[in-house]
Amino acid sequence: MRLFTAFRTAPLLAACVVAKANYPAIPEDTTTPVQQRLAIYGPDSISIGWNTYAQLDESCVEYGTSTDNLDQRICASVASTTYPTSRTYENVVILTGLTAGTTYYYKIVSTNSTVDHFVSPRTPGDETPFNINAVIDLGVYGEDGFTIQGDKTKKDTIPTIDPALNHTTIGRLANTVDDYEFVIHPGDFAYADDWFLSLDNLLDGENAYQAILENFYTQLAPISGRKPYMASPGNHEAACEELPYTTGLCPDGQKNFTDFMHRFGQTMPSGFASVSTNDSAKVLANQATELAQPPFWYSFEYGMAHIVMINTETDFEDAPDGQGGSAHLNGGPFGTANQQLDFLKADLASVDREVTPWVIVAGHRPWYTSGTACMPCQEAFEDLLYTYGVDLGVFGHEHNAERFLPVYNSVADANGMNDPKAPMYIVAGGAGNIEGLSSISSQLDFSEFANDEDYTYSTIRFLNRTHLQVDFIGSVTGEVLDSSTLYKRHDVRFVRQ
Ligand SMILES: *[C@@H]1O[C@H](CO)[C@@H](O)[C@H](O)[C@H]1NC(C)=O
Ligand SMILES: *[C@@H]1O[C@H](CO)[C@@H](O)[C@H](O)[C@H]1NC(C)=O
Ligand SMILES: *[C@@H]1O[C@H](CO)[C@@H](O)[C@H](O)[C@H]1NC(C)=O
Ligand SMILES: *[C@@H]1O[C@H](CO)[C@@H](O)[C@H](O)[C@H]1NC(C)=O
Ligand SMILES: *[C@@H]1O[C@H](CO)[C@@H](O)[C@H](O)[C@H]1NC(C)=O
């Protein structure tokens, strides 16, 4: 979401301001792991990514099923990497052969690290109920970002959330850490490209940009180092979003999704082999895996869910952040012509609802919103979502919370929430960032819930094969602001409509 247009005409006004980027302190031991991030990498596999202020010769993790017996050790096959303007190095290891749904303890190998833990993924087809959170448009907290008053009653089971930062959404994710199994975050992470909104940063954009990234991913690490945190891109990962007239000021590392690609490129999965007994489903799932381009577009399975992360920024006709796109960010492309849509088609066609009854597609820019709809996104994606019977579309970009009835071509499904053919859609963009909430002036006909007053995120509860509960949570209070249940019969094994 873009705001603050007034700033664009006068970014150089503060020539007398002393440049000062608010970098976090570099730990004395530069092998100290920071910015930890887990992801579901395969049905029995978890990726662990982290950054260090020194380039490591070897990036390794020790792990096991008991905290005092980390009897396995895995090292990355490639050395840690970085990009110009970054102070840190990215490290990744992939843990495979994990027993499903089991607590593992892990220690990133360093002369200064501690043991943390995660729960390994549920096997596709496991019908145990579980919850996930959808968090979008989050942003850094503190001096270069967003802070709010309130919520002084943190009882973090995760130790390192700094209460002085008054995190709302991150604090709530920490307080409720036992209530959800992973997080999906389709776009707009740190808001590092909003560095120029702090006058102190104007003469030092390059450092300010990197400083915000370092601070944000440090703040997120207590969550993303404990729970798989599934990422796809938003416009704030793209480029010099807010500085179209002063691109000379744009730090190199800020162009063309550079940080996003480095950070998540090796940690997100491509797709899962199908466990369907249907051979053509297996072939299609393999095709989808080939066509996937993580971290931009990919899919994964977890228990009753098949989840597809899409890229609403580049790589389709008139994509807003693509070459010549409406946002003038000239990003990508990240695949060959039509690769993303070919991926989505093969992927959705491969889903065997006997294995994973629920299909969710998550992306950044919405086409159903009371704000600005992404029409090229609707043009590119909506028919595929409908044809293959996607159950729920999760989007953000507008900084608020909205829920819509199942809808196709802007017409609400006659069945409503009772076994519709069309997907249900939500916007869960109210997590809170420096740009603030987007007000809702008029609602769409098929809007069922709208909130522009609270910082929010969504909890999606997979109750069983036929019932999916979608809640909106107020980040400050934890109150459930809206709750709805979608009923789907799911009696067609390969949906095509
Ligand atoms: C060790 O790690 C902790 C936590 O990340 C950090 O606060 C501390 O500064 C580090 N110590 C050294 C000597 O680098
Ligand atoms: C956090 O909240 C407290 C009390 O509401 C306030 O005094 C403090 O300034 C806030 N901190 C920041 C960094 O905004
Ligand atoms: C096998 O899967 C394909 C595509 O995924 C589907 O079109 C076909 O109907 C399935 N066959 C059976 C017997 O379910
Ligand atoms: C952006 O990066 C991708 C992947 O490295 C590359 O294919 C593409 O050409 C780049 N686009 C621009 C405008 O530099
Ligand atoms: C699925 O969950 C819903 C809501 O909790 C419940 O009403 C329904 O009976 C459940 N269905 C089955 C088959 O357990």
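In listed order, ligands and their atoms are each counted from 1.
Close contacts of ligand 4 with Pro333, meaning ligand atoms under 4.0 Å from a residue heavy atom, involve 3 (C), 6 (C), 7 (O), 8 (C). Within ligand 3, the atoms closer than 4.0 Å to a non-hydrogen atom of Asn278 are 1 (C), 2 (O), 3 (C), 8 (C), 10 (C), 11 (N), 12 (C), 14 (O), numbered from 1 in the order shown. Residue Asn330 has at least one heavy-atom neighbour below 4.0 Å for each of these atoms of ligand 4: 13 (C). Residue Leu284 approaches ligand 3 through these ligand atoms, each under 4.0 Å from one of its heavy atoms: 4 (C), 5 (O). Proximity to Gln323 (heavy-atom distance under 4.0 Å) selects the following atoms of ligand 4: 13 (C).
Ring geometry, Tyr104 versus Tyr63: the interplanar angle falls from 30° to 60°, so the pair is classed tilted. Using cut-offs of 30° and 60° for the angle between ring planes, the Trp358 and His490 rings count as perpendicular. Between Phe216 and Phe189, the ring planes lie perpendicular to each other; the angle is over 60°, past the 30° to 60° tilted range.
Between Ser110 and Asp29, the side chains place no donor N or O within less than 3.5 Å of an acceptor N or O (distance only, hydrogens not considered).
Considering all non-hydrogen atoms of both residues, Tyr105 and Leu70 come closest at O-CD2, 3.5 Å. Nearest heavy-atom pair across Ser276 and Phe494 is OG-CZ, 3.8 Å.
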In a table with atom names and distances, give each donor-acceptor pair under 3.5 Å that connects a side chain of residues 294-302 to protein atoms at least two apart or in another chain.
from   : atom 1 : to     : atom 2 : distance (Å)
Trp297 : NE1    : Leu291 : O      : 2.9
Tyr298 : OH     : Ala231 : N      : 3.2
Tyr298 : OH     : Ala231 : O      : 2.7
Ser299 : OG     : Asp347 : OD1    : 2.7
Glu301 : OE2    : His306 : ND1    : 2.5
Tyr302 : OH     : Glu181 : OE1    : 2.6

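When heavy-atom distances to ligand 3 are checked against a 4.0 Å cut-off, Ser276 has no atom that comes that close, whether in backbone or side chain. Contacts of Phe334 with ligand 4, taken as heavy-atom pairs under 4.0 Å, involve the side chain alone.
Between Lys107 and Glu62, no side-chain nitrogen of the basic residue sits less than 4.0 Å from a carboxylate oxygen of the acidic one, so the salt-bridge criterion is not met. Between Lys421 and Asp413 there is no salt bridge, since no side-chain nitrogen of the basic residue lies less than 4.0 Å from a carboxylate oxygen of the acidic one.
Side-chain contact between Ser47 and Ile94: present, with at least one pair of heavy atoms (C-beta onward) separated by less than 4.5 Å. By the 4.5 Å heavy-atom criterion applied to side chains, Asp116 and Phe118 are not counted as neighbours.
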Every pair of nitrogen or oxygen atoms between ligand 1 and the protein that is under 3.5 angstrom apart - can you list them with their distances to 0.1 Å?
from     : atom 1 : to     : atom 2 : distance (Å)
ligand 1 : 2 (O)  : Asn112 : OD1    : 3.4
ligand 1 : 2 (O)  : Asn112 : ND2    : 2.3
ligand 1 : 11 (N) : Asn112 : ND2    : 2.9
ligand 1 : 14 (O) : Glu28  : N      : 3.2
ligand 1 : 14 (O) : Asp29  : N      : 2.7

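Residue contacts with ligand 4: Gly332 is placed with a nitrogen or oxygen under 3.5 Å of a nitrogen or oxygen of the ligand (distance criterion only). Note: an N/O pair closer than 3.5 Å links Ser280 and ligand 3 by distance alone. For ligand 3, none of its N or O atoms has an N or O atom of Phe494 under 3.5 Å away.
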